[in-house]
Amino acid sequence: MVSLDKLNCSYGELLFRPEWKLKREQILLRDNYTCQFCGSTQKNELQVHHRQYHYISRLGMFKKPWDYPDECLITICKCCHDRGHSKYKIPKIKI
């Protein structure tokens with residue numbers, strides 16, 4: 001397995017990694033496979049959203065999607081996710 005500090009993938013590519021798939025499943029299960037905004041339970045539409053992104057200044061990179069604490073992640077449907085991204089900018093926190 002490739003060392004995580006040597007992963008040079010786009011964010012989208014990281015979402016296909018087994019580490020993210022496991023974390024995503026944990027959040028979906030925690031949220032009872034339900035959009036936390038509108039209540040949708042359409043499983044094929046559910047996504048896990050990062051409430052904020054953490055930039056690690058000393059490394060000059062963002063945390064990997066699966067390295068966030070559970071409270072920074074939330075289950076939402078595609079419609080609510082798209083609407084949220086069109087209205088709000090996700091905060092980027094330097095750590």
Task: Ile56 CD1 to Lys94 NZ distance, which is reported to the nearest 0.5 Å - done: 13.0 Å
Task: His81: side chain to side chain donor-acceptor pair (under 3.5 Å) partners, not counting sequence neighbours - done: Gln47, His49, His85
TODO: Give the intermediate values and the outcome of side chain to side chain contact (heavy atoms under 4.5 Å, CB included) for residues His54 and Phe62.
DONE: CA-CA 6 Å; His54 296 167; Phe62 284 96; 5.9 Å; no
Task: From Lys92 atom NZ to Gln52 atom CD, the distance as rounded to the nearest 0.5 Å - done: 12.5 Å
Task: Residue pair Gln26 / Leu29, side-chain heavy-atom distance below 4.5 Å - done: no
TODO: Answer with yes or no after comparing the ring centroid distance for Tyr68 and His50 against a 6.0 Å cut-off, counting only values under it.
DONE: yes
Task: Nearest heavy atoms of Pro65 and Tyr11, plus distance in Å - done: CG-CE1, 3.7 Å
TODO: Give a yes or no answer on whether the side chain of Ser40 reaches the backbone of Cys38 with a donor-acceptor pair at less than 3.5 Å.
DONE: no
- [ ] Supply the atom-to-atom distance Leu14 CG to Asp67 CG, rounded to the nearest 0.5 angstrom.
- [x] 10.0 Å
Donor-acceptor list for residues 70-77 side chains, cut-off 3.5 Å, not counting sequence neighbours:
unit_1 : atom_1 : unit_2 : atom_2 : d
Asp70  : OD1    : Lys23  : NZ     : 2.7
Thr75  : OG1    : Ile27  : O      : 3.4
Thr75  : OG1    : Asp31  : OD2    : 2.9

Task: N/O donor-acceptor pair under 3.5 Å between Glu45 side chain and Gln42 backbone - done: no
TODO: Establish whether Ile95 and Met61 are linked, either directly or via other cluster members, by ILVMFWY side-chain heavy-atom contacts under 4.5 Å.
DONE: yes
Open item on the list: Would Lys63 and Tyr53 count as a cation-pi pair here, with the cationic atom under 6.0 angstrom from the ring centre and within 45° of the axis?
Closed with: no
TODO: Could you tell me which non-hydrogen atom of Leu15 sits nearest to which non-hydrogen atom of Trp20, and how far apart they are?
DONE: O-CD1, 3.2 Å
